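Worksheet for the structure shown next.
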Amino acid sequence: MRDELAAQFKSWNLPAYRVDQVLKWLHEKRVAAWSEMTNLPKPLRDQLAGQFSLHTLELVRKQGSRDTTQKFLWKLADGAMIESVLIPANPALYGEASDRLTLCVSTQVGCAYGCKFCASGLDGWKRNLRVEEIVGQIHAVERWHETNAERETGNAEQETTGAPDAPVAAPRSALPAPRLINNLVIMGMGEPLANYDNLLKALRILNAPWGGGIGARKITISTSGLAPQIRKLAEDPLQFRLAISLHGATDETRNKIMPVNRRYNLAELTSACEDYQRKRDRMITLEYILIAGVNDALRETKPLAALAHRLNAKVNLIPYNKVDGLQWVRPTEDVQEAFLAALEKHDVTATLRREKGHDIDAACGQLRLKTERELAQS
Ligand code: SF4
């Protein structure tokens with residue numbers, strides 16, 4: 001944070017403008033090494049390098065290309081792997097209309113919540129991401145685009161494998177590139193609100209004018225239903241958007257696929273969401289992954305519509321992306337469309353994600369799982 005850096009610089013008897021210089025290098029020019037901060041004296045650069053690590057995420061693998069969903073698999077300093085997903089501009093999904101892109105960000109290595117349909121939790125939870133690892137995903141994707149995007153074509157099947165241990169290079173230009181990403185959805189690997197403190201600190205940095213400069217209203221935090229943390233978030237001064245990974249509108253359905261529901265059932269979750277809305281006056285989004293034979297029956301639309309009306313929420317329907325080794329499948333397009341139509345008949349604002357990511361290990365956590373298993377075999 002700015003005040004922490006300012007306190008450190010003050011203790012080193014450095015002038016205040018040095019703080020702004022460093023923040024500019026970090027957040028505007030998005031450099032990957034202290035040595036690249038060329039307007040700082042060399043002794044200060046060495047001092048910073050000795051005191052703070054500036055580890056950048058290393059690209060292991062990338063799938064998709066500039067006109068489609070692009071998935072990045074990153075290696076962290078301790079060798080753990082996480083995913084970030086860059087989603088083409090689509091005002092219907094989150095936030096307001098935008099010609100920029102949305103990045104789906106991870107918050108944990110693995111996940112402890114064990115939703116039955118999800119690849120992220122299959123190998124369990126390893127650790128929370130640190131603040132710089134959350135912020136670093138945005139920087140790394142933007143750096144990648146600044147150096148590589150011109151070479152990209154519209155080929156959706158493109159896959160890039162990073163050179164082993166190659167950090168994403170910093171842009172060569174002395175001028176900061178315009179911000180590529182101006183919408184964030186915090187719904188990658190992990191349960192975001194289980195890493196509450198690091199996440200909120202990272203989002204303050206990404207929101208701050210001296211940091212990422214991304215509006216709080218363009219940042220959507222998703223949760224599988226951690227009711228106490230939703231109530232805590234309601235007290236936060238920043239106006240982040242909230243999405244609930246619902247995937248079932250009755251306890252019976254949610255209990256089958258989301259163990260978190262046994263801890264915080266729908267009544268508890270709904271009450272926390274109402275508390276959030278009373279304090280924030282923000283529209284909530286209900287995420288609903290359509291899984292064949294599990295939650296796609298038309299009878300499910302009635303309780304879902306009732307919940308959406310009670311919370312004044314809109315519903316995002318997401319056809320299930322197949323995960324290797326799991327038995328679940330996505331419903332046919334006819335079933336998806338019928339589910340959407342039934343919701344609309346109940347006067348619910350709903351969208352159906354007709355995404356292109358199905359062919360590129362699009363399920364959250366799938367690319368990491370596949371890569372880790374390939375590495376273990378070789
Ligand atoms: S859906 Fe979210 S909360 Fe559930 S296991 Fe996957 S990452 Fe964790």
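Keep in mind that what you see is a predicted model, and the values were worked out from it rather than measured. As a basis for the values below, the full set of heavy atoms in this structure was taken, side chains included, without hydrogen atoms, waters or symmetry mates. Ligands are counted one by one from 1 in listed order, and the atoms in each one are counted from 1 as well.
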| Shared hydrophobic cluster, I257 / V329 (ILVMFWY, side-chain heavy atoms < 4.5 Å) | no
| request: Could you check whether the rings of W144 and F72 sit parallel, tilted or perpendicular, using 30° and 60° as the cut-offs? | output: perpendicular
| Atoms of protein origin (N, O or S) under 2.8 Å from atom 4 (Fe) of ligand 1 | C115 SG
| request: Report yes or no: is the cationic atom of K322 (NZ for Lys, CZ for Arg) closer than 6.0 Å to the six-membered ring centre of W328, at no more than 45° off its axis? | output: no
| field | Ring center gap for H27 and H139 short of 6.0 angstrom | value | yes
| Name of the residue among E191, R254, H247 meeting side-chain hydrogen bond (donor to acceptor under 3.5 Å, both in side chains) with S224 | E191
| said: Counting non-hydrogen protein atoms only, what is the nearest one to atom 2 (Fe) of ligand 1? Give residue, atom name and distance. | reply: G190 O, 4.1 Å
| Hey, any chance L298 and I291 share a hydrophobic cluster, counting ILVMFWY side chains that come within less than 4.5 Å of each other, even indirectly? | no
